[in-house]
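Heads up, the thing below is written out as structure tokens.
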Amino acid sequence: MYQRWVDAGYFTADAASAKPAFCIVIPPPNVTGSLHMGHALEHSLMDALTRRRRMQGYEVLWLPGMDHAGIATQNVVERELAGEGRSRHDLGREAFVERVWRWKAESGGMILNQMRRLGDGVDWSRERFTMDAGLSRAVQTIFKRLYEDGLIYRAERIINWCPRCHTALSDIEVEHSDDEGELISVRYGDGDGAIVVATTRAETMLGDTAVAVHPDDDRYRHLIGTEVALPLTGRVVPIIADDHVDPEFGTGAVKVTPAHDPNDFEIGRRHDLPALTIMDERGVITAHGPFEGLDRFEARPAVVAALREQGRIVAEKRPYVHAVGHCSRCDTVVEPRLSLQWFVKVAPLAKAAGDAVRDGRTTIHPAALAQRYFDWVDNMHDWCISRQLWWGHRIPVWYGPNEKVVCVGPDEQPPEGDGWEQDPDVLDTWFSSALWPFSTLGWPSRTADLDRFYPNTVLVTGYDILFFWVVRMMMFALYAMDDVQPFHHVYLHGLIRDAHGKKMSKSRGNAIDPLDWLDRYGADATRFTLARGANPGGDMALADEWAAGSRNFCNKLWNASRFALMNGATVAQPLPARDRLTDADRWILDGVDALVSEVDQLFEDYQFAKLCELLYHFTWDEFCDWYLELAKVQLAEGGARADSTRLVVGHVLDTLLRLLHPVIPFVTDVLWKSLTGNESLVIAAWPTASGTEPDTAAAGRIAAVQRLVTEIRRFRSDQGLKPGQRVPARLSGMDTADLTAHAAAVASLARLERPDESFTASATLEVGGITVELDLSGAVDVEAERKRLAKDLAAAEKELAQTEAKLGNPQFVDRAPAEVVAKIKARHEQAAADIKRIGARMEALAGERSLRGDGIA
RNA sequence: GGGCGCAUAGCUCAGCGGAAGAGCACUCGGUUUACACCCGAGCGGUCGCAGGUUCAAGUCCUGCUGCGCCCACCA
């Protein structure tokens, strides 16, 4: 069925159409990735949004694609090479990149096929990859523009370095965790000139070029300007004063290692200190001496041991828990490292990104998360964009003789001649993803797609990626597109958790594979489950039971449709005039009308969980459990009544299928085609409310029927009657309650039958003014009924007391809205009537003896 | 260290100023010709604790306790 949708071109956007545009670009999954629950959720929501808009007559573009995922992909291929006993260096750059492309062709993009199984209505004719020619052109174009505007610069800075991946990382690629370390205090120098500093990374003292104290710190004022000899190396460094030092922390004196700590680097810059690099890119000590050649984690204890031997350690705190950065890719402890890298100057871009949300050009749903967005945007550091990798967009900068530097645009030739070489680094993966909302539409060319589908209507992504990606798209899009925002709305969904709210992860072993659900429960049930759990910004707990419940619902829909079709439900003719419809017909039609409006509103607010709940409840409880049961009675009447009932059933089912299609696309399409004979629900019109004034009187009578039926069932259940057993009964008072027309329905739903001459009432109950006399053939369970009555009485008495207290409070009667007071008054009267009724019944029962239950001999 | 969020039925969560809700689980009953992936009837909550505002408080405010998340260049 999916392929038929695709082949029919339902998902192919037409930039030239006159319809209003609706566009979502897919958050590009990594080319290395396969579908996990997070994707399944995200895609279910995007598909629901696009399907509804398509049905509403929008020109919908949902654009698919993938991300080249620099480090992740390079790691995969390097691992593959390692299996062959080779490294990328054995291949050389060109051959390696070639190999990655081959890997992509052969094993990449598994996720695209998995998206088909989910039913994603994406426009495959517009599939993009961040390393496409077109997107590469976009990367080069914006790089050059930023470079020329002075917003990209190259500088020697302390950056996060992964000693395993051998590359720089941006701040967001570093994850902090509380690790155990040890904080040692070391005495530098001797005698009067001695000063004690604290450190967690003892090995870095090999690169110390100063000791700093706070200028106002009286303890050390006399030492400022003096020099001190470092332990172990004996190198002499100055003691300087700097405001950055916190006198409260540790000893109030800091060792300064400009080449291996970002703070120290800044201090070094302020005081013109030399930066001494003592470690190579693998994290191995390069400083000459006894520690040379040791890994940083071997060097640390070795240095500590040497210090201890010299009696330099005056205090140690162990374990000392502090935040340590790890590579988000391989979990290796990140090393701050001084190196020459490319940066984006984010301040002006971030300002624009903040403004676009502040002034409402882009709205964030749920709004509460906008605050986080601002926090991030207002405190962003410059973004390190160069990576020492081979897989990615190579930096379009050439270095020539005499330190000449040329940035090469997309249509320009690189400079020729001796000594010109291109920068070996590639760009951070997020650099190209940041262009995604417009590069995929053809930018920098001015294409019809770009005209039509930019800004994108809505971006759907997880709140965990708000900073990583959304902020960057905002920055680059506003910059490239003359301050026009990349999307009108950002909808942030939550994270998937297991049944107990724990994060799902492969290592934890609690991950549910969406493909498994697809196999066992089907795409419809999987999607409905995910949409049903999607409260804006809220995480959702998942377990097999939820999927089973959704599967049951899809099945219910199938069976209800089967019943409808078996009974000749149809949409072939317009609905009969209202006055020819029954109360039940009007009630369900009005209900559907209200449902359409509510579902619409909830869609507008991205309230997926609520709209699913509403549809679930209406379909199952209202339509199946009540209306279809009432319809059976009407169908049994035959004639015109049966004919009109077929039309009502057809109309309601038709509407429900349309409303459910965005979240349950497959089975609804099948059923709808059978019901209507039309081509496909995918391109059917979204329902609109009829605008008919709801018949509240009819709804009231149906509610009365429901109450009556439920009470009789409850009574029967108490009496231990089989649910299916027909019980002779006499109803009186139906006329005064205006329910005469519903006698047959009540009898059918409550399993009552017309009494014959031998009828003797052995039990009576009264509901809303109607007396029901039943012939239980003597088998009356007085005890059960007594128990029930006692319970009901207690509830009614509590109610009476509560309402009385309220009504007795003049301030309440005075100040509460009349409507509320009236409601309380009604409850009070109802409680009083109930007590009276129950009392009378109990009195009548007083003389009875149970013929059933425990009391029977 | 800074910021944010959450504590409601056994579980996962809605409700956010006027009668405590849903799904799942559980109990009882069921050959009711659409459906046992079902039908009917139930059981189950002093809405984390302590104060305060209000005629009225899961619902607003303050404090406390317990979780969770995000950010972070205190060595």
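Numbered from 1 within each chain, the chains take letters A, B, ... in sequence-line order. Treat the numbers as computed from the prediction; the structure is a model and nothing was measured.
Here the nucleotide nearest the side chain of A:Asn555, chosen from B:C37, B:G42, B:G18, is B:C37. Closest approach to the A:Tyr616 side chain among B:C69, B:U54, B:C24 is made by B:C24 (side chain taken as heavy atoms from C-beta onward). Comparing atom distances between the A:Arg815 side chain and each of B:U54, B:C13, B:C37 picks out B:U54 as nearest. Nearest to the side chain of A:Asp171, among B:C13, B:G15, B:A72, sits B:A72. Which of B:C74, B:G30, B:C71 sits closest to the side chain of A:Pro723 comes down to B:G30. In this structure, the nucleotide among B:G15, B:G23, B:A19 sitting nearest to the side chain of A:Lys823 is B:A19. Here B:C37 is the nucleotide among B:C37, B:G23, B:C39 with the atom lying nearest to any side-chain atom of A:Asn552. Listed candidates were B:A22, B:A72, B:A75. Nearest to the side chain of A:Thr200 is B:A75. In this structure, the nucleotide among B:C71, B:C37, B:A56 sitting nearest to the side chain of A:Arg551 is B:C37.
Across B:G68 and B:U12, the matching P atoms stand 14 Å from one another, rounded to whole Å. Using P as the reference atom, B:G5 and B:A14 are 15 Å apart when rounded to the nearest Å. Remark: the separation of the P atoms in B:A34 and B:C24 is 23 Å, to the nearest Å. Using atom C1' as the reference point in both B:G3 and B:C49, the two lie 25 Å apart (nearest Å). Distance check on atom C1': B:C64 versus B:C71 gives 26 Å, rounded to whole Å. If you take atom C1' in B:G44 and the same atom in B:A9, they sit 6 Å apart, rounded to whole Å. Distance check on atom C1': B:G63 versus B:C55 gives 26 Å, rounded to whole Å. Separation of the C1' atoms belonging to B:A22 and B:C47 is 16 Å when rounded to the nearest angstrom.
The interatomic distance linking A:Ile465 (CD1) with B:C69 (P) rounds to 18 Å, in whole Å. Atom CE in A:Met540 sits about 19 Å away from atom P in B:G23, given to the nearest Å. Straight-line distance from the CD atom of A:Glu248 to the C1' atom of B:A75: 15 Å, rounded to whole Å.
Contact annotation: A:Arg562 side-chain N/O to B:A34 OP1/OP2 distance is not under 4.0 Å. Residue A:Lys610 has a polar side-chain atom (N or O) positioned under 4.0 Å from OP1 or OP2 of B:G15. Distances shorter than 4.0 Å separate some side-chain N or O of A:Lys722 from OP1 or OP2 on B:G30. Proximity of A:Arg714 to the phosphate of B:G42: a side-chain N or O atom is located under 4.0 Å from OP1 or OP2. Dashed line: the shortest gap from a side-chain N or O of A:Lys556 to OP1 or OP2 of B:C39 is under 4.0 Å.
Residue contacts for A:Lys632: at a heavy-atom cut-off of 4.0 Å it reaches a base atom on one of the strands shown. Counting any heavy atom pair closer than 4.0 Å across all strands shown, A:Asn809 reaches sugar-phosphate atoms only and no base atom. Contact annotation for A:Thr710: backbone-only contact, meaning every heavy-atom pair under 4.0 Å involves sugar-phosphate atoms and none involves a base. Within the nucleic acid shown, A:Cys554 has no heavy atom closer than 4.0 Å to any nucleic acid atom. Within 4.0 Å of A:Pro817, counting heavy atoms only, lies at least one base atom of the nucleic acid. Residue A:His381 is in base contact, counting any heavy-atom pair closer than 4.0 Å across all strands shown. When heavy atoms are screened at a 4.0 angstrom cut-off, A:Tyr373 is found touching no nucleic acid atom at all. When heavy atoms are screened at a 4.0 angstrom cut-off, A:Asn535 is found touching the sugar-phosphate backbone but no base atom. Backbone-only engagement by A:Arg713 is indicated by non-hydrogen atom pairs under 4.0 Å involving sugar-phosphate atoms exclusively. Using a 4.0 Å heavy-atom criterion, one finds that A:Arg751 contacts the bases of the nucleic acid, with or without backbone contacts as well. Among the heavy atoms of the strands lying under 4.0 Å from A:Glu799 is at least one base atom, whether or not backbone atoms are also near. If you check every strand for non-hydrogen atoms under 4.0 Å, A:Glu711 touches nothing.
Evaluation of atom-type donor-acceptor distances gives a pair under 3.5 Å for the side chain of A:Arg827 against the base of B:A19.
If you check B:C55 for Watson-Crick or wobble pairing at under 3.5 angstrom, you find it paired to B:G18. A 3.5 Å limit on both hydrogen-bonding distances identifies B:C11 as the Watson-Crick or G-U partner of B:G23. Of the nucleotides present, B:C28 is the one that pairs with B:G40 by Watson-Crick or G-U wobble criteria, both distances under 3.5 Å. Across every strand in view, B:C67 sits in a pair with B:G5 that passes the Watson-Crick or G-U test at under 3.5 angstrom. With a cut-off of 3.5 Å on both Watson-Crick or G-U wobble distances, the partner of B:G45 is given as none.
In B:G58 the O4'-C1'-N dihedral to the base is within 90° of 0, which defines a syn nucleotide.
Place A:Asn567 and A:Asp625 on RNA chain B by their nearest nucleotides, and A:Asn567 ends up nearer the 5' end. Both A:Gly538 and A:Gln802 sit near RNA chain B, but only A:Gly538 has its closest nucleotide nearer the 5' end.
The existence of a salt bridge linking A:Arg713 and A:Asp718 is excluded, since no basic side-chain nitrogen approaches an acidic carboxylate oxygen closer than 4.0 Å. Checked for salt-bridge contact, A:Arg269 and A:Glu266 meet the test: a charged N lies under 4.0 Å from a carboxylate O. Using a 4.0 Å cut-off between charged nitrogen and carboxylate oxygen, A:Lys632 and A:Glu629 count as a salt-bridge pair. Salt-bridge formation is detected for the pair A:Asp261/A:Arg201: a Lys NZ or Arg NE/NH1/NH2 atom is positioned less than 4.0 Å from an Asp or Glu carboxylate oxygen.
Aromatic rings of A:Phe623 and A:Phe618 (six-membered ring for Trp) have centroids beyond the 6.0 Å cut-off, not under it.
Annotation for A:Cys612 and A:Ala531: closest pair SG-CB, 3.6 Å, computed over non-hydrogen atoms.
A:Trp672 and A:Asp654 share a donor-acceptor pair across their side chains, judged by distance under 3.5 Å alone. Between the side chains of A:His326 and A:Asp179, a donor-acceptor pair is found at a separation under 3.5 Å. Side chain to side chain, A:Asp242 and A:His271 meet the donor-acceptor criterion of an N or O pair below 3.5 Å. For the 3.5 Å distance criterion, the side chains of A:Thr803 and A:Lys825 fail to qualify, holding no donor opposite an acceptor. Judged purely by distance below 3.5 Å, without hydrogens or angles, the side chains of A:Tyr373 and A:Asp378 never pair a donor atom with an acceptor atom.
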Please tabulate, one pair per line, each protein N/O and nucleotide N/O from nucleotides 2-11 of chain B that are separated by under 3.5 Å, including the distance.
none

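For the pair A:Arg532 and A:Tyr616, the cation-pi criterion (under 6.0 Å, within 45° of the ring axis) is fulfilled.
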